[in-house]
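Single-structure report; data block below.
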Amino acid sequence: MRTRHLAELEVSEIGLGCMGMSDFYGDFDDAENVAVINRAIDAGVTFFDTADMYGVGRNEELLGRALGARRDHVVVATKFGNMRSADGAFLGVNGKPDYVRSACDASLQRLGIDHIDLYYQHRVDPETPIEETVGAMAELVTSGKVRYLGLSEAAPATIRRAHAVHPITALQTEYSLWSRDPEAELLSTVRELGIGFVPYSPLGRGFLTGRFTGNEALAENDFRRTHPRFQGDNLEANLHIADAVRTFADEAGCTPAQLALAWVLAQGDDIVPIPGTKHAQYLDDNLGAADIDLSADLLARLSDALPVGMTQGERYANMSGVDR
């Protein structure tokens, strides 16, 4: 597995998103998930992404157990800011300095580690100036609890204000062949500032793999059922995107997942996608994208076939939590 840099932080060119191992995407098996994490490490993955809200802390605990003695060989990224109650109810976004400090201590305890390599603000708190939030995050760096800072789903103006307080190492935002909005301004902003870019859901929450033809393919407790893109007429209209990905994948001699990830990787060496999975077979498939070399002609035709704005439906049912 080759490596890439998010600013000064070196990571594997493909990371592993751990969210679905504990929440949102139907049922899960902890033993299988631990095996997948270790299989990823064996394959050269060094970049693992979690958050305190995933499974209301359970995902951090899972990752900490899985890493064990191998912790020093990987980069651990986690996030704070989205508050949930013990029963999973969402309680809002909090970027207040006192909360930043307490959330970090809680994450360190759940992960069973003495420092977090990359600490993101998961969502921007509209009630707290970003300067105050990042100021508190910077104190965590000074104290040795955190190495590098990140933001998630932050707007260009917010990124600039945050970066003026303390260097931001990475921006994490949804980006894929059916979520190309970052190309409008976000990518140019982070590149100007020397910030790395971490696309989450680079497979369109699995849609680009062609595995889903309707909500009947999703478990009753799968959060994707609430996403407008997976519903009704939007879903029917978006099926041509998965069909196009499969057609191009056949031409390239790879799977749809590998094509979608190879396209993301080809958008710049400062981009490190973090596809998530709960199954070894899909992990192996995803990591195979690192060996796919898409020609300039195919990349151009693929981008033309699936242009910015072609996807029908919003990314979330409630987009108010996304900083714009």
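Worth saying up front: this structure is predicted, and the values here are computed from it rather than measured. Heavy-atom basis, side chains included; hydrogens, waters and symmetry copies ignored. FYI, the numbering just counts along the sequence from 1.
To the nearest 0.5 Å, the span separating OG1 on Thr189 from CG on Leu193 amounts to 7.0 Å. Between the CG atom of Asn286 and the NE2 atom of His279 there is a distance of 11.5 Å, given to the nearest 0.5 Å. Ile168 CD1 to Ile195 CD1: the interatomic distance, rounded to the nearest 0.5 Å, is 6.0 Å. Between Met21 atom CE and Arg58 atom CZ the span is 14.5 Å, to the nearest 0.5 Å. Note: Asn238 CG to Met310 CE = 8.0 Å, rounded to the nearest 0.5 Å. Arg123 CZ to Leu151 CG: the interatomic distance, rounded to the nearest 0.5 Å, is 11.5 Å.
Residues Ser176 and Ser201 come closest through the heavy atom pair CB-O, 3.6 Å. Of all heavy-atom pairs spanning Gln267 and Leu299, the tightest one is NE2-CD2, 4.5 Å. Minimum heavy-atom separation, Glu13 to Pro273: O-CD, 3.4 Å. The shortest heavy-atom contact between Gly95 and Asp125 is N-OD2, 2.9 Å. When all heavy atoms are compared, the tightest approach of Ile130 to Gln121 is CD1-OE1, 3.1 Å. Minimum interatomic distance between Val45 and Ser12 (heavy atoms only, all atoms of both residues): CA-OG, 3.6 Å.
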Discussion item. Determine whether Asp270 and Leu187 satisfy the following criterion, side chain to side chain contact (heavy atoms under 4.5 Å, CB included), listing intermediate values before the conclusion.
Written reply: CA-CA 10 Å; Asp270 55 350; Leu187 280 174; 5.9 Å; no
Discussion item. Please evaluate residues Tyr99 and Thr128 with respect to the criterion side chain to side chain contact (heavy atoms under 4.5 Å, CB included), reporting the C-alpha separation (whole Å), side-chain torsions for both, the decisive distance (0.1 Å), and the verdict.
Written reply: CA-CA 11 Å; Tyr99 182 76; Thr128 303; over 6 Å; no
Practice prompt. Might you work through the side chain to side chain contact (heavy atoms under 4.5 Å, CB included) test for Leu239 and Phe207, ending with a clear yes or no?
Written response: CA-CA 9 Å; Leu239 288 176; Phe207 186 85; 4.0 Å; yes
Practice prompt. Step by step, work out the side chain to side chain contact (heavy atoms under 4.5 Å, CB included) result for Asp42 and Arg70.
Written response: CA-CA 10 Å; Asp42 291 341; Arg70 310 179 85 175; 2.6 Å; yes
Discussion item. Run the salt bridge (Lys or Arg N to Asp or Glu O under 4.0 Å) test on Arg2 and Asp269 for me, step by step, so that the C-alpha distance in whole Å, both residues' side-chain angles and the decisive distance to 0.1 Å come before the verdict.
Written reply: CA-CA 11 Å; Arg2 293 180 294 269; Asp269 291 339; over 6 Å; no
Discussion item. Between Ser179 and Arg229, is the side chain to side chain donor-acceptor pair (under 3.5 Å) condition met? List the steps.
Written reply: CA-CA 11 Å; Ser179 294; Arg229 293 184 174 185; 2.8 Å; yes
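When side chains are defined from C-beta on, Tyr148 does not count as touching Pro167, because their heavy atoms never get closer than 4.5 Å. No side-chain heavy atom of His73 sits less than 4.5 Å from a side-chain heavy atom of Thr46. Inter-residue side-chain proximity for Glu183 and Ser303 is flagged as unmet; no heavy-atom pair is nearer than 4.5 Å. Contact annotation: the side chain of Val93 approaches that of Asn82 to within less than 4.5 Å [non-hydrogen atoms, C-beta and beyond]. A 4.5 Å side-chain heavy-atom check between Thr78 and Arg110 finds every atom pair outside the cut-off. With contacts defined as side-chain heavy-atom distances shorter than 4.5 Å, the pair Glu174/Arg205 qualifies. Within the 4.5 Å cutoff, side-chain heavy atoms of Tyr200 are placed close to those of Glu153. Counting heavy atoms from C-beta outward, His122 and Tyr54 have side chains that approach closer than 4.5 Å.
The hydrophobic cluster containing Val165 also contains Phe80, counting ILVMFWY residues as joined when their side-chain heavy atoms lie under 4.5 angstrom apart, directly or transitively. Side-chain heavy atoms closer than 4.5 Å link hydrophobic residues (I, L, V, M, F, W, Y) into clusters, and following such links, possibly through other members, connects Tyr119 to Leu67. Linking Ile, Leu, Val, Met, Phe, Trp and Tyr whenever their side-chain heavy atoms come within less than 4.5 Å puts Leu259 and Ile271 in one cluster. Residues Ile116 and Leu171 share a single hydrophobic cluster, defined by chaining ILVMFWY side chains whose heavy atoms lie under 4.5 Å apart. Criterion: ILVMFWY side-chain heavy atoms under 4.5 Å apart, direct or through other members. Under it, Leu302 and Leu261 are not part of a common hydrophobic cluster.
The pair Arg160-Glu192 meets the salt-bridge criterion, with a side-chain N (NZ, NE, NH1 or NH2) lying under 4.0 Å from an Asp/Glu carboxylate O. A salt bridge is defined here as a Lys NZ or Arg NE, NH1 or NH2 lying under 4.0 Å from an Asp or Glu carboxylate O, and Arg39 with Asp284 meets this definition. Using a 4.0 Å cut-off between charged nitrogen and carboxylate oxygen, Asp114 and Arg71 do not count as a salt-bridge pair. For the pair Arg84 and Asp52, the salt-bridge criterion is not met [side-chain N within less than 4.0 Å of a carboxylate O]. Taking a cutoff of 4.0 Å between a charged side-chain nitrogen and a carboxylate oxygen, Arg301 and Asp304 do not qualify as a salt bridge. Salt-bridge check for Glu32 with Lys278: failed, with every basic side-chain N at 4.0 Å or more from each acidic carboxylate O. Salt bridge annotation for Asp250-Arg246: absent, with no cationic side-chain nitrogen under 4.0 angstrom from a carboxylate oxygen.
Of the possible donor and acceptor atoms, one in the side chain of Asn38 sits under 3.5 Å from a partner among the backbone N and O of Val34. In this structure, the side chain of Ser188 does not engage the main chain of Ala184 through any donor-acceptor pair within 3.5 Å. Side-chain atoms of Arg4 come within 3.5 Å of backbone N or O of Leu265 as a donor-acceptor pair. One N or O on the side chain of Gln258 and one on the backbone of Thr255 form a donor-acceptor pair closer than 3.5 Å.
Between Phe48 and the options Ile274, Val11, Leu16, a side-chain contact (heavy atoms from CB on, under 4.5 Å) holds for only Leu16.
Ring-plane geometry between Phe197 and Tyr175 is classed as perpendicular, the angle between the planes exceeding 60 degrees on a 0 to 90 degree scale with a lower cut at 30.
Asp293 CG: 12 or fewer foreign heavy atoms inside a 6.0 Å radius.
The closest side-chain donor-acceptor pair between His115 and Asp117 falls under 3.5 angstrom. In the model, Thr3 has a side-chain atom that pairs as donor or acceptor with a side-chain atom of Glu10 under 3.5 Å. Checking Thr50 against Asn59 by side-chain atom types alone, a donor-acceptor pair falls below 3.5 Å. Judged purely by distance below 3.5 Å, without hydrogens or angles, the side chains of Ser85 and Asp87 pair a donor atom with an acceptor atom.
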